[in-house]
Asker: 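One structure coming up, written as structure tokens, with questions to follow.
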There are 2 protein chains.
Amino acid sequence: MWLGKEEMGLSNLDESIEQSSLKSNTYTISDLAKEYDITPRAIRFYEDQGLLRPVREGRQRVFSEGDNVRLRLILRGKRLGFSLAEAKEIIELYDMDSGDERQLVYFLEKIEQQRLNLQRQQQDIKAILQELKRVEKRVKRELQEIRHK
Amino acid sequence: MWLGKEEMGLSNLDESIEQSSLKSNTYTISDLAKEYDITPRAIRFYEDQGLLRPVREGRQRVFSEGDNVRLRLILRGKRLGFSLAEAKEIIELYDMDSGDERQLVYFLEKIEQQRLNLQRQQQDIKAILQELKRVEKRVKRELQEIRHK
DNA sequence: AGTATAGTTGACGTTTACGTAAACGTCATG
DNA sequence: CATGACGTTTACGTAAACGTCAACTATACT
């Protein structure tokens, strides 16, 4: 069954109603595409790769709030240079289902690894920011000299 | 002319001498490859893309200390998910030659842009680290429950 | 002289992350 | 009812960043 405009009424009004309606929020593919400024194609690709698991209503994808969160994680990861496979690793931590003890310990190890990776990234950022500072000083000095004449 | 082993003498000894010999340090392609654990092919590719400018001694590449620094910048950038083109932007800031006022102002703008990008990355990292913390708590709680029984 | 060791230049292959086009289904509106 | 807006699958195309030969060259070792 379609979530057509008939059921939605005046879209603007209803959007706010939907947003505030508890948590059972659902999204169409273009909802998410617009929200994060990516193409539907990308979203379908993420599903192909097992990063999103929208429910089907007929053939159409219906995305849950969980999918929304996962997508946000994916895009954060991408901005940090993660591959989709790496983003998947984090997502799988995010929505793992509590397994046995071995599983849980394994998860803790994974988490620690991720933490270390991210901390190295923080160091890299700090290093580059310092480089930028140095360059900035140089540039400003040269500007002063030029303007002083 | 080759910097063969004849001129280098006992390599171990000479390495330390070279390292401390002021600043006119030079590197072969495999020196750098080993130092940063990448392949010569990658280094040649970076040169192709205009990120490195080794001098030629005959046909062989001779890398300067500046090239070393640039390479370090490239790899930091890569770890942060920068494309080579983006890394190049930063490198060009790093070794720009003081131009006219317009140029300098332009550089300052570039620097500010880079700073903003890096700050967004810092936010992304913070967000993911918090996610990891939450997941970690969950996992530890579940572990407690299992072990409590 | 012969072999080993580094280095060189093509040139084609590969992976990742989508873009793009074709061909089609479904509603709801004029 | 046909037209548009939005959705679908299938399949081929592409840019980036190297990997992987191949074929060659220059020095060094025995």
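Below, chain A is the first sequence line, B the second, and so on; all start at residue 1. We use all heavy atoms of the structure for the numbers below, so side chains are in, but hydrogens, waters and symmetry mates are not.
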Asker: Taking CG in A:D48 as the centre, count heavy atoms belonging to other residues, nucleotides or ligands within less than 6.0 Å. Is the count above 12?
Answerer: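 More than 12 within 6.0 Å, yes.
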
Asker: Which residue, B:R59 or B:S83, contacts DNA chain D at a nucleotide closer to its 5' end, judged by nearest heavy atom?
Answerer: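 The answer here is B:S83.
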
Asker: Are B:R44 and C:dT8 close enough that a side-chain N or O sits under 4.0 Å from OP1 or OP2?
Answerer: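 True: B:R44 side-chain N/O within range (under 4.0 Å) of C:dT8 OP1/OP2.
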
Asker: Within less than 4.0 Å of OP1 or OP2 of C:dT9, is there a side-chain N or O belonging to B:R56?
Answerer: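 Yes, B:R56 has a side-chain N/O under 4.0 Å of OP1/OP2 on C:dT9.
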
Asker: Please report, rounded to the nearest Å, how far the C1' atom of D:dT10 is from the CD atom of A:E47.
Answerer: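 One finds 15 Å between C1' of D:dT10 and CD of A:E47, rounded.
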
Asker: For A:F63 and B:R41, find the nucleotide of DNA chain D closest to each by heavy atoms; which residue's nucleotide sits nearer the 5' end?
Answerer: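 Whichever sits nearer the 5' end wins; that is A:F63.
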
Asker: OP1, OP2 of D:dC18 versus side-chain N and O of B:K78: anything below 4.0 Å?
Answerer: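 True: B:K78 side-chain N/O within range (under 4.0 Å) of D:dC18 OP1/OP2.
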
Asker: Using only side-chain N and O atoms of B:Y46, determine if any of them is under 4.0 Å from OP1 or OP2 of D:dA17.
Answerer: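 No, no such contact exists.
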
Asker: Classify B:F82 by what it touches in the nucleic acid, base, sugar-phosphate, or nothing, heavy-atom distance under 4.0 Å.
Answerer: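 Since no nucleic acid heavy atom lies under 4.0 Å of B:F82, the category is nothing.
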
Asker: Name the closest nucleotide to the A:T39 side chain, picking from C:dG19, C:dA17, D:dG7.
Answerer: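 In terms of side-chain proximity for A:T39, the closest of C:dG19, C:dA17, D:dG7 is C:dG19.
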
Asker: Output yes when at least one side-chain N/O atom of B:T28 is less than 4.0 Å from OP1 or OP2 of C:dG7, else no.
Answerer: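 True: B:T28 side-chain N/O within range (under 4.0 Å) of C:dG7 OP1/OP2.
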
Asker: Given atom CD of A:E57 and atom P of D:dT8, what is their separation to the nearest angstrom?
Answerer: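 Distance check: A:E57 CD to D:dT8 P gives 12 Å.
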
Asker: Looking at the side chain of A:S30, which of C:dT9, C:dG7, D:dG7 is the nearest nucleotide?
Answerer: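 That would be D:dG7.
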
Asker: With no hydrogens and no angle check, do the side chains of B:Y94 and A:R134 hold a donor and an acceptor under 3.5 Å apart?
Answerer: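 No, no side-chain donor-acceptor contact under 3.5 Å.
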
Asker: Quickly work out the A:L32 CG to D:dG7 P distance and round it to whole Å.
Answerer: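 Taking CG of A:L32 and P of D:dG7, I get 10 Å after rounding.
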
Asker: Are there over 12 heavy-atom neighbours, none belonging to A:Y106, within less than 6.0 Å of that residue's OH?
Answerer: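 No, the 6.0 Å shell around OH holds no more than 12 heavy atoms from other groups.
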
